[in-house]
J.: 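Quick one: the structure is below, and I'll ask about it shortly.
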Amino acid sequence: MLLRRYAVGAAVMIGLTACQENVPKQRPATPIEAASAMPAYWKTVPATDDQRLDLLRRLRAIDPCALIPRADLEKLGTLLQVENDGPSKCEATFDSTETHKGTSVSWAIGVAPDGYSWGQSERQEVDGITVGRLGDLDNGPLREGQLDRSCLATAAFANTATLPMIVRTPLGTEPCPTAQAALARAMGGLATEPAQGTSPDTPRTALHGKDPCEVATVLDVPVNVPALRLWSCQFAFRGADIDVDYQYTARDISVDGEPLFVINGHPGYGSSHDSGGSTSYTAVVGPVLPGPGSALLGPSVPVVQAYGENRADLEAVLRATVELFPAT
């Protein structure tokens with residue numbers, strides 16, 4: 001009888017343990033809780049150039065809009081649209097699309113190899129991850145003529161990745177609680193590294209899977225790996241500094257007159273404007289992206305841009321870069 005009771009009791013305990021293991025873990029409610037729950041990879045400083053390059057590849061492969069699924073966004077208000085406005089950027093709009101009437105939540109994956117600039121932000125730190133918050137009223141009352149409220153909540157990870165979250169809300173509301181909640185959820189999403197294209201709001205583009213420093217290898221010029229950014233590459237070419245950027249931008253900004261060249265169906269344009277001796281050349285490398293785009297400047301397109309001072313050098317670098325993109 002005692003043995004039977006022991007067996008029954010053991011079975012009940014096993015059943016209870018199994019049930020407890022099947023209970024979903026509660027999501028971190030605050031950024032500092034989310035920081036504590038991040039995997040070790042986000043708490044470890046890259047020690048070599050190979051580790052830094054691996055970080056950039058992994059971050060570029062993450063779908064920014066998948067960090068906060070639509071089901072979670074819908075808890076923040078009446079979700080009207082989600083726009084993938086950069087290869088590692090996303091913005092959600094709630095309640096109204098009229099300027100200063102609705103709420104916008106925007107976030108971006110990035111890197112800060114020299115450390116994140118916190119300014120006046122309130123900060124907490126755990127396991128090498130710092131989370132901060134800076135509200136528009138932290139340094140004084142509403143400014144004269146201010147038309148909305150804003151709050152910046154940011155996570156800066158030990159591996160140099162960053163995740164800033166900017167929330168704008170109408171006057172009479174408090175943006176920071178939304179920013180804090182959204183950042184905590186996005187950090188949980190970042191930990192799972194969802195692949196580009198996971199979110200239905202993220203279109204596949206020509207920039208996905210590409211490395212902006214690939215052209216430096218083609219041109220046989222060195223790069224300073226510790227200083228590299230996520231979607232840009234800086235190097236010296238023919239003795240002058242060049243910056244190559246991959247991004248989404250309004251089509252009417254990218255198209256400046258007739259193209260200088262067309263490679264694999266991708267038109268490349270010079271610039272008719274100089275800024276302090278510096279100028280930029282741009283190539284459109286894919287079709288128009290879905291989404292609202294700009295009412296004034298047209299829809300967004302994926303582009304590669306080369307910045308520098310010498311126009312001949314910029315055209316050479318842009319041509320070499322565009323050749324890396326097959327015809328679409």
Side-chain angles (χ1 to χ4, degrees), residues 27-46 51-52 54-70 72-73 75-76 82-92 103-135 150-168 175-196 198-199 201-202 208 228-232 247-248:
R27 287 179 182 167
T30 66
I32 196 65
E33 291 175 0
S36 182
M38 293 295 290
Y41 179 73
W42 304 92
K43 303 174 181 179
T44 305
V45 179
Q51 290 177 353
R52 295 184 184 96
D54 177 69
L55 169 71
L56 296 175
R57 284 190 293 267
R58 288 176 66 163
L59 293 180
R60 284 193 295 262
I62 295 174
D63 184 337
C65 293
L67 299 190
I68 309 180
R70 271 183 168 262
D72 290 320
L73 288 173
K75 298 174 184 177
L76 302 178
V82 179
E83 184 178 8
N84 178 214
D85 52 352
S88 292
K89 299 178 181 179
C90 196
E91 181 172 9
T103 293
S104 69
V105 179
S106 59
W107 61 97
I109 302 167
V111 291
D114 298 323
Y116 188 79
S117 179
W118 289 102
Q120 301 297 315
S121 299
E122 296 179 3
R123 301 188 295 277
Q124 294 177 287
E125 188 270 338
V126 63
D127 298 335
I129 300 174
T130 303
V131 294
R133 189 212 71 174
L134 180 63
S150 64
C151 186
L152 169 65
T154 305
F157 301 89
N159 65 2
T160 73
T162 61
L163 183 61
M165 178 82 56
I166 301 175
V167 172
R168 296 187 179 278
C176 283
T178 297
Q180 294 282 81
L183 178 60
R185 181 63 188 89
M187 291 172 70
L190 187 66
T192 67
E193 301 185 41
Q196 290 276 15
T198 298
S199 169
D201 299 300
T202 302
H208 291 156
L228 291 180
R229 302 289 175 168
L230 196 54
W231 290 99
S232 65
Q247 58 183 297
Y248 303 156

J.: Would you say the side chain of Arg185 lies within less than 4.5 Å of the side chain of Pro69, judging by non-hydrogen atoms?
T.: yes
J.: How far does CE of Met165 sit from OG1 of Thr178, to the nearest 0.5 angstrom?
T.: 11.0 Å
J.: Does any pair with a residue in residues 106-127 pass salt bridge (charged side-chain N to carboxylate O under 4.0 Å, His left out), and if so which ones, sequence neighbours excluded?
T.: Lys43-Asp127, Glu122-Arg133
J.: Of all the heavy-atom pairs spanning Val111 and Leu59, show the shortest one and how long it is.
T.: CG1-CD1, 3.4 Å
J.: Quick one: does Pro64's side chain get under 4.5 Å of Lys89's, heavy atoms only?
T.: no
J.: For the residue pair Ser150 and Arg168, what are the closest heavy atoms and their distance?
T.: CB-NH1, 3.7 Å
J.: Which atom names give the shortest non-hydrogen contact between Cys90 and Asp85, and what distance separates them?
T.: N-OD1, 3.5 Å
J.: Is any side-chain heavy atom of Leu190 less than 4.5 Å from a side-chain heavy atom of Leu67?
T.: yes
J.: Is there side-chain contact between Leu152 and Ile166, with heavy atoms separated by less than 4.5 Å?
T.: yes
J.: Are the side chains of His208 and Thr202 in touch, meaning some heavy atoms are under 4.5 Å apart?
T.: yes
J.: Got a second to check how far Thr160's OG1 is from Arg52's CZ, nearest 0.5 Å?
T.: 8.5 Å
J.: Which pair of non-hydrogen atoms, one from Tyr116 and one from Thr154, has the smallest distance, and what is that distance?
T.: OH-OG1, 3.3 Å
J.: Please walk me through it: do Arg70 and Asp201 pass side-chain contact (heavy atoms from CB on, under 4.5 Å)?
T.: CA-CA 9 Å; Arg70 271 183 168 262; Asp201 299 300; 2.9 Å; yes
J.: Under the 3.5 angstrom rule, does the side chain of Glu33 hit a backbone N or O of Ala184 as a donor-acceptor pair?
T.: no
J.: How close do Ala161 and Trp42 get, counting heavy atoms only, and between which atoms?
T.: CB-CZ3, 3.8 Å
J.: Sort out for me which residue in Ile62, Leu163, Leu230, Asp63 forms a side-chain contact (heavy atoms from CB on, under 4.5 Å) with Ser88.
T.: Leu230
J.: Do Val82 and Leu73 have side chains that get closer than 4.5 Å, going by heavy atoms?
T.: yes
J.: State, yes or no, whether a side-chain contact exists between Arg229 and Pro113 at a heavy-atom distance under 4.5 Å.
T.: yes
J.: For Asn159 and Thr44, run side-chain contact (heavy atoms from CB on, under 4.5 Å): C-alpha distance rounded to whole Å, both residues' side-chain angles, the deciding distance at 0.1 Å, then the answer.
T.: CA-CA 5 Å; Asn159 65 2; Thr44 305; 5.8 Å; no
J.: Evaluate the side-chain proximity of Arg60 to Pro87: yes if any heavy-atom separation is below 4.5 Å, no if none is.
T.: no
J.: What heavy-atom pair brings Tyr41 and Leu55 nearest, and what distance separates the two atoms?
T.: OH-CA, 3.3 Å
